Amino acid sequence: MDSHEAQRRIEQLEREIAGLKAASSGAGAKVSQLEQELNSLKQEPEKHPSWQRVQLARHPKRPHAVDYIERLFPEFQDVHGDRGFGDDSAIVCGMAFLDGAPVMVVGQEKGHGQEFRNGGSIKPWGNANALYYMRVA
């Protein structure tokens with residue numbers, strides 16, 4: 001059960017419990033059963049913190065390398081290839097200025113929406129390009 005489903009179920013259980021408590025006092029067994037399920041669901045994230053981290057890392061709205069580059073380096077100049085290998089779209093390399101100092105930026109990009117950059121899987125020539133530009137820097 002993902003976090004959104006769990007949250008909806010928690011809200012549903014809380015409404016059911018409140019309704020049963022308000023309706024009659026003879027629903028004690030049902031109320032205690034629902035409260036037990038509610039407590040179990042509320043503790044679920046604490047039982048699986050590593051899965052929460054995986055879900056956060058895979059979140060579709062999580063920023064990518066290009067997002068950081070656009071915000072940190074307004075004068076980013078993209079460079080492609082190293083004249084020895086092909087170009088890998090999963091690697092983003094370029095020159096920029098950070099606080100007035102020239103820097104070389106190398107990042108791994110998986111792409112947003114329709115822009116697919118090999119899912120972020122770097123090919124061997126992408127590693128060669130990244131290494132080349134690291135040496136240039």
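Numbering starts at 1 and runs along the sequence shown. FYI, side chains are in, hydrogens and waters are out, and symmetry mates aren't considered; it's all heavy atoms of this structure. As the structure is a computational prediction, the values presented were derived from the model and not from experiment.
In this structure, the side chain of E109 engages the main chain of A65 through a donor-acceptor pair within 3.5 Å.
L131 and Y133 are not part of a single hydrophobic cluster, where members link through side-chain heavy atoms under 4.5 Å apart. Cluster membership for M95 and Y132, using ILVMFWY side-chain heavy atoms within less than 4.5 angstrom, is shared. Cluster annotation: V79 is not connected to L98 through the hydrophobic network of ILVMFWY side chains, with a link wherever side-chain heavy atoms come within less than 4.5 Å.
For the atom pair CD of E16 and CD of Q33, the computed distance is 10.0 Å after rounding to the nearest 0.5 Å. Put simply, CD1 on I122 and CD1 on I91 are 3.5 Å apart, with the number rounded to the nearest 0.5 Å. Between atom CZ of residue R62 and atom CG of residue D67 there is a gap of 11.0 Å, rounded to the nearest 0.5 Å. Here S89 contributes atom OG and H80 contributes atom NE2; the two are 10.0 Å apart, rounded to the nearest 0.5 Å.
Proximity of V92 to I69: side-chain heavy atoms (C-beta onward) are separated by under 4.5 Å at one or more points. At least one side-chain heavy atom of M134 sits under 4.5 Å from a side-chain heavy atom of V106. F73 is listed as a side-chain neighbour of V103, based on a closest heavy-atom distance under 4.5 Å. Side chains of D87 and N129 form a contact here, defined as non-hydrogen atoms less than 4.5 Å apart.
What you find for C93 and D78 is that their closest heavy atoms are O-OD1, 2.6 Å. The two residues Y68 and P63 come nearest to each other via the heavy atoms OH-CG, 3.5 Å. Nearest heavy atoms, L72 versus P74: O-CD, 3.5 Å.
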* Can H64 and K110 be said to form a side-chain contact (heavy atoms from CB on, under 4.5 Å), step by step? -> CA-CA 7 Å; H64 294 253; K110 81 184 241 184; 3.2 Å; yes
